[in-house]
Amino acid sequence: MYKTLSSWRGLLVVVIVLYHTPILELCEAAHMGVSLCFVMSGALLAMRHPRAECSWWQWMWPRARRIYLIHWLVLALLLIMQWPMGHCVTDWTLPANALLVQAWVPVRDSYLSFNKPTWFLCALLLCYACYPLLSRLMSSLSMKCKWMIAVSILVAHCVVLGVVSQHIRDWLVDMPLTRLGEFVWGMVVGASLPSLDKRLGDWLRARAHAVEAAVVAFVLAVIIAVGRMPWLDCCEDIAVWWLPVSCIVAMSVLLNGSEGLVGRLMLTWPMRWLGSINLEVYLLALPVTYFYSHYLAAVAGHFGHPEFYGISWPITLPLILIAASILHYLTKKFSK
């Protein structure tokens, strides 16, 4: 169990939420947080289940059940809040969103319909659905071939996003097939870590503080550099984050049980708690913000004043964390 990985994901999900508050200065870190989720998922599955031996349905059922349960609860909450305001839409995008297929449709009102962050769930479902086949195919390849495939996907990703129009690019960023590339990259990273551990594990663990400092410094340097390179917008910055997030995953795995100062901070109870509710926090950000802007703001007397929404996070973030804790508890009860 790599507990620091969950904490990293929880921390970056909060960054994503704050970015959408909006705190625009967190834009690059938020992009990195999304990439981390896909790369981390691929890496963890590759380490825990190098080859999925069960049937496809046995593999998918527990994962799809959790995703759809949380999604339907949050979607119902959003619809209940939108109905009195006259914002509830009942066209074809509602069943598409409920079934988590909306991100496949290249229409903005579809792939960003209702709870906009649910495009992430569409992509995650595709990654889970493809993993049994991918794991069988990858298990027969050498590590060199795996990395050749991963690098080829990275290059193809940059080329495609670099040549299409902005309209298509906006859709491809949220399209599940695009994010499958990050997931495959994560699978290759995860498959590489056991051999890396044998070669350098003891040396790295003996220098845990320095390793963590180097990784954090590298990640911060990339965040700052990307923010000053607008020409990277042609590929939506996504591929830029594959290497930094791979470093975070590798650091958390290789230093597991021998963490330095950063790792120990990630292992504190607040960070582990944040990691345990990261999906609920991500999905509840928009509904809670809607509740704030259409219900609380009216009572507070600044309804309709956009300048207040930009500084709403001291109110919305605690509400999101409270709501996420309740939703996490309910979904655990319903799943039993």
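Annotation for Ser258 and Arg205: closest pair OG-CD, 3.5 Å, computed over non-hydrogen atoms. Considering every non-hydrogen atom in both Phe114 and Leu75, the closest pair reads CB-CD1, 4.0 Å. Of all non-hydrogen atoms in Leu141 and Cys145, the two that sit nearest each other are CB-CB, 4.1 Å. Nearest approach of Asn115 to Val74, heavy atoms of both residues: ND2-CG1, 3.4 Å. Closest approach of Val188 and Lys146 over heavy atoms only: CG2-O, 3.7 Å. Scanning all heavy atoms of the two residues, the minimum distance from Ala29 to Ile223 falls at CB-CD1, 4.1 Å.
Residue Met148 places its CE atom among 12 or fewer non-hydrogen atoms of other residues, nucleotides or ligands, all under 6.0 Å distant. By the neighbour-count criterion of 12 heavy atoms within 6.0 Å, atom OH of Tyr329 is sparsely surrounded, having that number or fewer from other residues, nucleotides or ligands. Atom CH2 of Trp92 sits in a crowded spot, with more than 12 heavy atoms from other residues, nucleotides or ligands closer than 6.0 Å.
Between the CG atom of Leu193 and the CG atom of Asn256 there is a distance of 11.5 Å, given to the nearest 0.5 Å. Atom CG of Leu99 sits about 10.0 Å away from atom SG of Cys122, to the nearest 0.5 Å. Distance CE/Met40 to CH2/Trp8: 9.5 Å, rounded to 0.5 Å. In this structure, OH on Tyr295 lies 7.5 Å from CE on Met81, to the nearest 0.5 angstrom. To the nearest 0.5 Å, atom CG of residue Leu261 and atom CE of residue Met266 are 10.5 Å apart. Interatomic distance, CG of Leu265 versus CG of Leu11, reported as 8.5 Å (0.5 Å rounding).
Here the options are Phe183, Phe120, Trp241, the test is ring-ring contact (aromatic ring centres under 6.0 Å, His included), and the partner is Phe38; only Phe120 passes.
Ring to ring, Trp61 and Trp56 are not that close: their centroids are 6.0 angstrom or more apart.
Ring geometry, Trp242 versus Trp185: the interplanar angle falls from 30° to 60°, so the pair is classed tilted. Aromatic ring pairs are classed by plane angle as parallel below 30°, tilted from 30° to 60° and perpendicular above 60°; the pair Tyr68 and Trp72 is tilted.
Using a 4.5 Å heavy-atom threshold, the side chains of Asn97 and Trp119 count as separate. Between Tyr282 and Cys37, every side-chain heavy-atom pair lies at or beyond the 4.5 Å cut-off. Annotation: side chain of Leu200 is not in contact with side chain of Leu254 (no heavy-atom distance under 4.5 Å). For the pair Pro176/Leu125, no side-chain contact is recorded, criterion being any heavy-atom separation below 4.5 Å from C-beta on. For the pair Val173 and Arg179, the minimum side-chain heavy-atom distance is below 4.5 Å. Taking the side chain as every heavy atom from C-beta outward, Leu284 and Leu77 approach each other to under 4.5 Å. With a 4.5 Å cut-off on side-chain heavy atoms, Leu243 and Phe218 count as touching.
In this model, no donor atom of one side chain and acceptor atom of the other lie less than 3.5 Å apart for His49 and Tyr131.
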Intermediate values then yes/no, side-chain contact (heavy atoms from CB on, under 4.5 Å), Thr118 and Leu283: CA-CA 7 Å; Thr118 53; Leu283 293 180; 4.1 Å; yes

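A salt bridge does not link Arg108 with Asp174: none of the charged nitrogens is closer than 4.0 Å to a carboxylate oxygen.
Within the structure, salt bridge (charged side-chain N to carboxylate O under 4.0 Å, His left out) contacts touching residues 268-284 (residues at least two apart or in different chains) are Arg66-Glu280.
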